[in-house]
Amino acid sequence: MENQGNINSIPEEKPVLNFIEEIIESDLQTGKNGNRVHTRFPPEPNGYLHIGHAKSICLNFGLAKKYHGKTNLRFDDTNPTKEDVEYVDSIKEDVRWLGFQWDGEYFASDYFQQLYDWAIQLVKDGKAYVCDLTQEQMSEYRGTPTRPGKESPYRNRSVEENLDLFQRMKNGEFPDGSRVLRAKIDMASPNMHMRDPIIYRILHAHHHRTGDQWCIYPMYDYAHGESDSIEKITHSICTLEFEVHRPLYDWFITQLGIHHPQQIEFARLNLSYTVMSKRKLLQLVQEKRVMGWDDPRMPTISGLRRRGYTPESLRMFAEKVGIAKRDNVIEVSFLEWCIREDLNKRAQRVMVVQNPLKVVITNYPEGVEEELDAINNPEDESMGVRKVPFSRELYIERDDFMENPPKKFFRLSPGTEVRLRYAYFITCQEVIKDENGEVVELRCTYDPASRGGNSPDGRKVKSTIHWVSAQHSLDVEVRLFERLFLKHDPEETEEGEDFRANINPDSFTILSHCKAEPFLKSSKPLDHFQFERLGYFTTDYDSEKENRLIFNRTVSLKDSFAKG
RNA sequence: UGUCCGAUGGUGUAAUUGGCAACACGUCUGUCUCUGGAACAGAAGAGUUCAGGUUCGAAACCUGAUCGGACAACCA
């Protein structure tokens, strides 16, 4: 680097702007919205939020924060047949948990009256009409992307007739599906969405907020832009598939002559090996193939939370994947890197043995116990130390012993000396087996002078292993989850393959013979730990319900899913 | 046989709008450590989908192609 060493020539840190920030900054410069930035996060309450929504949440709230603006939370509840209050509650909880606080909280249903009045205005202006075509006829008349559509025979009804019919639609005089209100635009438009799109449909359905007050409901395209406009949103950010809808978004607002937010599209998040379709996730829940929306295998925010992901890690992930218009597929390993990065700095270390092997220290006095100091987090001294009990009988990890070790194996084997972390050097003297030849116990000797983990003679050991004192140990249950859809990369899923193939309520590994430090007794749901050498774990909600300690593995210490 | 979008190391995003293609993750090498694929130090890796054109100069502008995506729900 030519600038090295010369402090004066170090270039100023250039802020890296994504294309949306560029639009906002340019609007700010021209004073387009009176220097206001107002975004919104507009989920439909028809399911739980997933990691893809997290990207959108971080974007919208992040932008508002960066430009000292505001962000609304708006529920796009225009289809009562799919929506429910359970979902609005979960959405609020998830957004809050992610660390964001919205300025306004609204529902599209708050605007039903205004939307209706505007529809009347469109009818009066001759820009909307009631159409009696059946669904089949309408799709026939609509044409195809390569062939223009043709006009509905009802297209030229008089304003009076339209007004009358629309009011009677509203009054519940017609059955579902019998008529719709359509915008009068252009049946020959190359953009299918401009071929006289439907504005209102008849739906005699109970709405979770407005009850039975309405039996006609606005379509997304009609309700969304207007809702943005009512809330004086400046930048309406959505995903790429709505790009084709933008002309329609603009059309309604222009016809109505109301505040005009700018719709900006960005590429949605795709995660390798992960199914993110709400419809499919709902299917898993309904078929009870998972414990619920918050099953630790689910890519939902609540599932990730229960699995031990932190808001910080998700925010870091969202920031690092960036914002662009190009389709992308992010490796799940990258998400896992983010959570390791975060947890490495803050997770309390604790020794847990997943597959215990008994070790007896033959030269350690019986009936004696002592407490040794263990560091809570080598990455963060301020987390302090704790006491770990030590006694004559211990458990170590079965994998940490090999009777006939290969060359690179430095852990315990007959005759070798290793360090018990924070404790003593021990040497394996004898291997005890059962009648099947299985190793059931090790007899070792310890060096009393190596207390704390170092020998005064400066002798080195090749390895340090973790352990727990048998009599003090806690029995805990550990759940190991795979990624949700291990073999199904959305890119590679073959046609006809069932994405639910290996998802079952109990299709994860439960280790029920784990031995842990007594320290864990006080752990509460969603506490984060690093079980030394084994990975990051979090206490499951079920611990309280079932009155025993259950831990979910958030992620292993290493990337066991590395490409290959 | 339509319209609209997009294409930059293995991955994801940049490139002050025409001026030496940068950052992060991953990969590799080394050091260190009382867990560790942690930490620390270093290296390799793209000439920007292709073919033309404009220009002193193109990832960027123009033309044509190729590949990928979106759009034909009374869903959002």
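Lettering of chains follows the sequences in order, A, B, ..., and the numbering in each one begins at 1. Predicted model only: the values in this text are computed from it and were never measured.
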TODO: Can you tell me the pairing partner of B:C71 across any strand shown, Watson-Crick or G-U wobble, with both distances under 3.5 angstrom?
DONE: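 The answer is B:G2, by the H-bond criterion.
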Expressed as a whole number of Å, how far does the [atom1] atom of [N] sit from that of [M]?
N     : M     : atom1 : value
B:A65 : B:A76 : C1'   : 37 Å
B:A70 : B:G30 : C1'   : 49 Å
B:G57 : B:G53 : C1'   : 15 Å
B:C32 : B:A24 : P     : 25 Å
B:A43 : B:A15 : C1'   : 24 Å
B:G26 : B:G12 : C1'   : 11 Å

Open item on the list: With the threshold set at under 4.0 Å for non-hydrogen atoms, list the residues of residues 236-244 of chain A touching RNA chain B in residue-number order.
Closed with: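 Contacts with RNA chain B under 4.0 Å: A:E241, A:F242, A:E243, A:V244.
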TODO: Please state whether the rings of A:H193 and A:H245 are parallel, tilted or perpendicular, taking 30° and 60° as the class boundaries.
DONE: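 Aromatic pair A:H193/A:H245 classed tilted.
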Nearest-Å distance, [atom1] ([X]) to [atom2] ([N])?
X      : N     : atom1 : atom2 : result
A:E21  : B:U17 : CD    : C1'   : 17 Å
A:L557 : B:G36 : CG    : P     : 9 Å
A:Q263 : B:C5  : CD    : C1'   : 13 Å
A:H204 : B:C74 : NE2   : C1'   : 13 Å

- [ ] Starting from the 5' end of RNA chain B, give me the residue, A:M138 or A:Y422, whose nearest nucleotide shows up first.
- [x]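 The residue closer to the strand's 5' end, by nearest nucleotide, is A:Y422.
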Task: Upstream residue (5' side of RNA chain B) when A:V180 and A:H193 are each assigned their closest nucleotide - done: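 Its nearest nucleotide being more 5', the pick is A:H193.
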Open item on the list: Side chain of A:E22 only, heavy atoms from C-beta on: which candidate in B:U13, B:U17, B:G36 is closest?
Closed with: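 The closest nucleotide is B:U17.
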Open item on the list: Starting the side chain at C-beta, find the nucleotide from B:C25, B:G12, B:A24 nearest to A:V321.
Closed with: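 It is B:G12.
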- [ ] Just label B:G12 as syn or anti from its O4'-C1'-N9-C4 or O4'-C1'-N1-C2 angle, using within 90° of 0 for syn.
- [x]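 In terms of base orientation relative to the sugar, B:G12 is anti.
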Task: Gap between atom CD of A:Q354 and atom CZ of A:F537 - 0.5 Å precision - done: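 Atom-to-atom, A:F537:CZ and A:Q354:CD are 5.0 Å apart.
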Below 4.0 angstrom from OP1 or OP2 of [N], is there any side-chain N or O of [X]?
X      : N     : value
A:R201 : B:A76 : yes
A:R279 : B:A73 : no
A:T146 : B:A72 : no

